[in-house]
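Convention: sequence-line order gives letters A, B, ...; per-chain numbering from 1. Every heavy atom of this structure was used, including side-chain atoms; hydrogens, water molecules and symmetry mates were not.
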There are 2 protein chains.
Amino acid sequence: MLELRLVQGSLLKKVLEAVKDLVNDANFDCSSTGFSLQAMDSSHVALVSLLLRSEGFEHYRCDRNLSMGMNLGNMSKMLKCAGNDDIITIKADDGSDTVTFMFESPTQDKIADFEMKLMDIDSEHLGIPDAEYHSIVRMPSGEFSRICKDLSSIGDTVLISVTKEGVKFSTAGDIGTANIVLRQNTTVDKPEDAIVIEMNEPVSLSFALRYMNSFTKATPLSETVTISLSSELPVVVEYKVAEMGYIRYYLAPKIEEEEDTKP
Amino acid sequence: MLELRLVQGSLLKKVLEAVKDLVNDANFDCSSTGFSLQAMDSSHVALVSLLLRSEGFEHYRCDRNLSMGMNLGNMSKMLKCAGNDDIITIKADDGSDTVTFMFESPTQDKIADFEMKLMDIDSEHLGIPDAEYHSIVRMPSGEFSRICKDLSSIGDTVLISVTKEGVKFSTAGDIGTANIVLRQNTTVDKPEDAIVIEMNEPVSLSFALRYMNSFTKATPLSETVTISLSSELPVVVEYKVAEMGYIRYYLAPKIEEEEDTKP
DNA sequence: TAAAGACCAC
DNA sequence: GTGGTCTTTA
């Protein structure tokens, strides 16, 4: 028996928006710790890892560990039927092949329940080792989103370079090149607006903008985003989910190509 | 000679938005009583009935009954040219094959007139008998609209059931099922927010969501909608038009289908 | 392809 | 608060 009651239902709606473009089907894993998901994107290049800790739910009952395979597109369709102020409850009976989403309006005038079929999904749950990162950049999520969008109109790869000067996002394409430099800035009105660069060692890595732009679908979840970089390691793009967890995207850097012009 | 002056011109604009998707061409009937329209939708399944009483107009002159055939798409195009605060006057000379819409800006700085060709349209004016309804639900129009929209992302038919518990909207589709229950609630801040269920007899009827969603185009006309249900009778979905009339949609229930699993 | 919703700027 | 743009869905 599983029953998870989330007062701020809009969080779950936003989480699905942030995942469904990247992953079609995935297992949600429920344990006493929390509600989590880990999946490769459909082209098997990026990895998404979501955690919503049990403490973040108003009520969290999970009698035994459960892995529920869901089609995220269908799940998202159903969650779109919840109001942004609704309380969302996820229910499943042990051994059932369905899951029920219940939406309660704040006034309790309206109570909706949506039942969805579960599916069997093979999933290799990868252990993600903790790592030391050479550089960690924290910045407003909207700004990061804007940068990725802007750069993708010029090129399809972003080179992220962190030096003591700041962080530079660069791209190049047929029509020209672009460089966007952000300097550390912690003297801001709101702490969310800060740009914090923790550089242990300079790094310079290239990533496919296509994936970065998918990651920024999580922007509505958090005012800030954290980008952790190490050479030879996948970048981690992390958005906190209000007091209850996170959504993390992993993407391997592009292998450094030879200079454009070869002899 | 016909001359109808409507101070709140936006009402007519909204009325056209509420009808033009359902009906392509229709006769507007003008008499001393008011300005009305009755038409089947283009697939001959639903019926729209509009009444704007003469008292609602600032000036209402209709020397003799007139039936003016209009293409509602074209009429809507012209009305879109009126500002929302404009005063709209509808004019037609007896025997003329055109109608003129005049738009006056509130400041009288701008006066526009648009002339449109009339057309001959066969119309069977159906008498709609008054009926006793088993159940009548009044609810915020926005909520009804939201429910119809949400359910159509799951299925294509809505089953509306009224019991003493409240009113339930249900659907089923490939990805799952959905039930939305509304309970009577009259203890609200604004009377328009009330959900009032007048149940003389329980009813349970199915309707095509496609049409329901067309009906909800009238939502901007009124804060509330009234749904009148009787078994064997078309449902009536009614929106009041501010102090001057109504727009009513009629839709026959779907015949109850046999159980899903046939021998 | 067209319409509706969401977001942003004014 | 309103209009305009852009994105998303049918």
Of all pairs that satisfy salt bridge (Lys or Arg N to Asp or Glu O under 4.0 Å), the ones with a partner from residues 214-229 of chain B, not counting sequence neighbours: B/Asp21-B/Lys217

If you look only at pairs with a residue in residues 68-91 of chain A, which of them pass as a salt bridge (Lys or Arg N to Asp or Glu O under 4.0 Å), with sequence neighbours excluded? A/Glu17-A/Lys80

Quick note, salt bridge (Lys or Arg N to Asp or Glu O under 4.0 Å) partners involving residues 176-188 of chain A, not counting sequence neighbours, are none

Go through the structure and list residues passing salt bridge (charged side-chain N to carboxylate O under 4.0 Å, His left out) with A/Lys240, not counting sequence neighbours. A/Glu238

Listing time: all N or O pairs from protein to nucleotides 3-10 of chain D that are below 3.5 Å?
from: D/dT9; atom 1: OP1; to: A/Lys80; atom 2: NZ; distance (Å): 3.3

Residues at least two apart in sequence or cross-chain that pass side chain to side chain donor-acceptor pair (under 3.5 Å) with A/Ser105, listed by chain then number, are A/Thr107

